[in-house]
> 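Please find one structure pasted underneath; my questions will follow.
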Amino acid sequence: MSVLARVTDAVELFHLQVEAQVRLAHTDTKAAAAWCRRWRNIRERVPLVETPTGLKLPRLALPQTDEPGEIVRFLIGEGLPGEFPFVNGAYREMYLAKSEIRNPKSGIEEPTRLFAGLGLAEDTNRRFHYLTRQQRSIRLSTAFDGPTLYGMDSDADGVFGKIGEGGVAIDTVEDMQRLYAGFPLDGDRCSVSMTINGPAPVILAMYVAAAKRRFGPSVVAKLRGTVQADILKEVQAQNEIIFPLDASLRFLTDMVEFTTTHMPRWYPISISGYHIAEAGATPVQQAAFTLSNGFTYVELFRARGLDVNRFGPRLSFFLDCALDIEYLALARVVPETLGHRMRESSARTTERNSSNCTRKPAAVRSSHRSSRTT
């Protein structure tokens with residue numbers, strides 16, 4: 001069965017389960033009363049926020065209904081923010097009050113990244129320090145120049161005029177050390193994002209090497225951040241691909257396998273609908289390509305033997321956004337579809353592991369198997 005067929009079946013089954021719960025809420029007075037009590041508790045816990053003109057509004061807008069069936073349809077079929085199937089948001093709170101961000105005791109990071117990259121490593125380092133001097137959290141986002149994006153050194157033929165243009169030139173581990181000099185890469189409030197795809201595994205390796213030189217080998221597990229590394233999007237939209245596609249996907253999977261094992265705080269891929277839209281895709285096409293790419297990556301990583309419950313939470317997505325109504329649907333449909341896909345994949349992994357536990361070890365099942373498989 002194809003991935004699309006499995007996702008479609010999972011969505012249809014889920015909707016049938018939701019409607020079954022709606023019917024139960026309509027026919028069972030005890031169930032209806034329980035749902036209404038839960039609904040009242042949720043509404044009572046929603047805090048108020050104040051607008052610039054002094055209006056007090058609920059921080060979370062909920063449907064204005066007390067009808068049990070509609071309550072069920074919302075809570076199960078759409079979910080509160082941060083709850084499956086993530087129609088109303090991937091996180092419990094997407095936007096934070098200024099008081100929470102400014103309060104140093106809140107433990108909340110500013111939801112921003114400061115995108116910069118120009119000239120040589122020292123130039124961008126100075127820019128990063130300027131941008132973060134008023135920030136409680138260090139959340140850097142790195143733009144690389146054209147030669148670096150294409151895996152070329154600054155002394156390669158024909159690139160002189162592009163060195164440091166539109167991003168920073170990084171050729172060596174020493175460049176990487178200079179780029180992030182003075183920042184606590186091992187800190188809880190330091191996160192580094194790198195917008196690069198074709199040479200992403202190489203750049204991440206250089207970053208890890210630079211961090212180890214400063215902080216020692218134990219720093220690897222502490223590193224936080226993201227590398228874009230969406231090579232399928234490059235084929236479809238940006239065309240910054242430097243290896244054959246099969247090799248690129250193998251290198252990507254190598255990187256994801258390493259980060260899943262050794263860098264639990266790192267997001268090894270950012271699946272990018274934005275660039276597909278910038279290349280001319282409609283919101284529907286953007287959703288289709290982005291989800292297809294994400295599903296493909298999941299299958300590749302699972303084929304390598306990686307546990308979806310470990311790498312799945314470290315997949316990130318970002319989409320283009322505009323004022324047309326289709327973009328509202330885009331922001332709701334993509335997380336929902338991805339949520340169903342990941343839950344289905346997780347269930348298959350659990351089922352397979354349970355099945356394997358009931359079988360005899362491979363060495364017992366077959367005496368003809370090569371010793372290299374053990």
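Below, all heavy atoms of this structure are taken into account, side chains as well, without hydrogens, waters or symmetry copies.
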> Could you check whether any side-chain N or O of Ser248 sits under 3.5 Å from a backbone N or O of Phe243, counting only pairs where one atom can act as donor and the other as acceptor?
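At least one qualifying donor-acceptor pair exists.
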
> What do you reckon, is OH of Tyr274 surrounded by more than 12 foreign heavy atoms closer than 6.0 Å?
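Result for OH/Tyr274: open.
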
> Can you give me the closest heavy-atom contact between Ser154 and Ile163, atom names plus distance?
O-CD1, 3.1 Å

> Going by heavy atoms in the side chains, are Tyr327 and Leu323 under 4.5 Å from each other?
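The answer is no; the side chains never approach within 4.5 Å.
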
> Keeping Ser345 on the side-chain end and Arg341 on the backbone end, is there a donor-acceptor pair under 3.5 Å?
no

> Looking at CZ of Arg214 and CE of Met176, how far apart are the two atoms once the value is rounded to the nearest 0.5 Å?
13.0 Å

> First locate atom OG1 of Thr124, then atom CD1 of Ile170, and finally report the distance between them rounded to the nearest 0.5 Å.
7.0 Å

> Check whether Ile138 and Trp266 end up in the same hydrophobic cluster, where Ile, Leu, Val, Met, Phe, Trp and Tyr are linked by side-chain heavy atoms less than 4.5 Å apart.
yes

> Give a yes or no answer on whether the side chain of Trp39 reaches the backbone of Leu75 with a donor-acceptor pair at less than 3.5 Å.
no

> Rounded to the nearest 0.5 Å, how far does CD of Glu234 lie from CG of Asn239?
7.5 Å

> Would Val219 and Leu223 count as a side-chain contact (heavy atoms from CB on, under 4.5 Å) if you check the C-alpha gap in whole Å, the side-chain angles of each, and the deciding distance to 0.1 Å?
CA-CA 6 Å; Val219 75; Leu223 297 176; 3.9 Å; yes

> For Gln134 and Thr132, indicate whether the former's side chain and the latter's backbone hold a donor-acceptor pair under 3.5 Å.
no

> Which distance, rounded to the nearest 0.5 Å, do you find between the CZ of Phe128 and the CZ of Phe115?
8.5 Å

> Between Arg332 and Glu78, does a side-chain contact (heavy atoms from CB on, under 4.5 Å) hold up when you go through it step by step?
CA-CA 9 Å; Arg332 290 166 63 85; Glu78 296 188 14; 3.3 Å; yes

> Is Arg189 close to Gln135 at the side-chain level, that is, under 4.5 Å between some pair of heavy atoms?
no

> Quick one: OG1 on Thr65 to CD on Glu70, what's the gap to the nearest 0.5 Å?
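That separation rounds to 6.0 Å.
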
> So, do Leu315 and Leu338 sit near enough that their side-chain heavy atoms are less than 4.5 Å apart?
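Counting from C-beta outward, Leu315 and Leu338 never come under 4.5 Å.
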
> Could you tell me whether the side chain of Asn88 and the main chain of Leu80 form a donor-acceptor pair under 3.5 Å?
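Side chain of Asn88 to backbone of Leu80: no pair is present.
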
> Can you check whether Asp320's main-chain N or O pairs, donor with acceptor, with Gln286's side chain at less than 3.5 Å?
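Indeed, once roles are kept as given, a pair shorter than 3.5 Å links the two residues.
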
> Determine whether a donor-acceptor pair (N or O, by modelled atom type, separation under 3.5 Å) exists between the side chain of Ser316 and the backbone of Ile269.
yes

> Would you call Arg73 and Glu67 a salt bridge, taking side-chain N to carboxylate O under 4.0 Å as the test?
no

> Atom CD1 of residue position Ile325 - does it have more than 12 heavy atoms of other residues, nucleotides or ligands inside 6.0 Å?
no

> So do Tyr180 and Thr142 actually touch side chain to side chain, heavy atoms under 4.5 Å?
yes

> Applying the 4.5 Å side-chain criterion to the ILVMFWY set and letting contacts propagate, would Phe86 and Leu62 be lumped into a single cluster?
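Same cluster.
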
> For Ser191 and Arg113, test the side chains for any donor-to-acceptor distance below 3.5 angstrom and give the result as yes or no.
yes

> State whether the side chain of Gln238 and the backbone N or O of Glu240 hold a donor-acceptor pair below 3.5 Å, judged by distance alone.
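A pair under 3.5 Å: no.
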
> Can you establish whether the number of heavy atoms outside Tyr130 located under 6.0 Å from its atom OH is more than 12?
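No, OH of Tyr130 has 12 or fewer neighbouring heavy atoms, counting only those of other groups under 6.0 Å.
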
> State, with a plain yes or no, whether a side-chain heavy atom of His275 is found less than 4.5 Å away from one of Phe318.
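Yes, their side chains come closer than 4.5 Å.
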
> For the residue pair Thr260 and Phe301, establish whether any side-chain heavy-atom pair is separated by less than 4.5 Å.
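Heavy-atom side-chain distance check fails, nothing below 4.5 Å.
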
> Given 3.5 Å as the limit, does a donor-acceptor pair link the side chain of Arg92 with the main chain of Gly82, or not?
no

> In terms of side-chain heavy atoms, does Glu12 have a donor or acceptor partner in His340 at a distance below 3.5 Å?
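Side-chain D/A pair, Glu12 to His340: absent.
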
> Tell me, do Phe295 and Val7 make a side-chain contact under 4.5 Å, heavy atoms counted?
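The answer is yes, as the side chains (C-beta and beyond) meet within the 4.5 Å cut-off.
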
> More than 12 non-hydrogen atoms from neighbouring residues, nucleotides or ligands closer than 6.0 Å to CZ on Phe289, yes or no?
no

> Run the numbers on Asp254 and Arg304 for salt bridge (charged side-chain N to carboxylate O under 4.0 Å, His left out), then give the verdict.
CA-CA 9 Å; Asp254 292 342; Arg304 177 66 67 89; 2.8 Å; yes

> So, Arg6 and Asp9, do they make that salt bridge, N to O below 4.0 Å?
no

> Could you tell me whether the side chain of Asp153 and the main chain of Asp155 form a donor-acceptor pair under 3.5 Å?
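No, Asp153 side chain to Asp155 backbone: no donor-acceptor pair under 3.5 Å.
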
> Please determine whether side-chain contact (heavy atoms from CB on, under 4.5 Å) holds for the pair Thr337 and Val11, giving the CA-CA distance in whole Å, both sets of side-chain angles, and the decisive distance to 0.1 Å.
CA-CA 8 Å; Thr337 307; Val11 171; 5.5 Å; no

> Report the distance from atom OH of Tyr267 to atom OG1 of Thr259, rounding to the nearest 0.5 Å.
12.0 Å

> Residues in side chain to side chain donor-acceptor pair (under 3.5 Å) with Glu165, at least two apart?
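Testing Glu165 for side chain to side chain donor-acceptor pair (under 3.5 Å), a comparison that skips the adjacent residues, returns Lys162.
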
> Out of curiosity, does Val46 fall in the hydrophobic cluster containing Ile71 (side-chain heavy atoms, cut-off under 4.5 Å, transitive links)?
yes

> Answer whether the closest heavy-atom distance between the side chains of Ile271 and Thr290 falls below 4.5 Å.
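Ile271 vs Thr290: side chains touch.
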
> Carefully, step by step, assess Leu204 and Phe258 under the rule side-chain contact (heavy atoms from CB on, under 4.5 Å).
CA-CA 11 Å; Leu204 179 60; Phe258 178 85; 5.7 Å; no

> Heavy atoms only: give me the nearest Ala200-Ile196 pair and the separation to one decimal.
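Shortest heavy-atom contact: CB-O, 3.6 Å.
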
> Are more than 12 heavy atoms, taken from residues, nucleotides or ligands other than Asp188, located less than 6.0 Å from that residue's CG atom?
no

> Does Asp145 have any side chain to side chain donor-acceptor pair (under 3.5 Å) partners at least two apart in sequence or in another chain, and if so, which?
Thr148

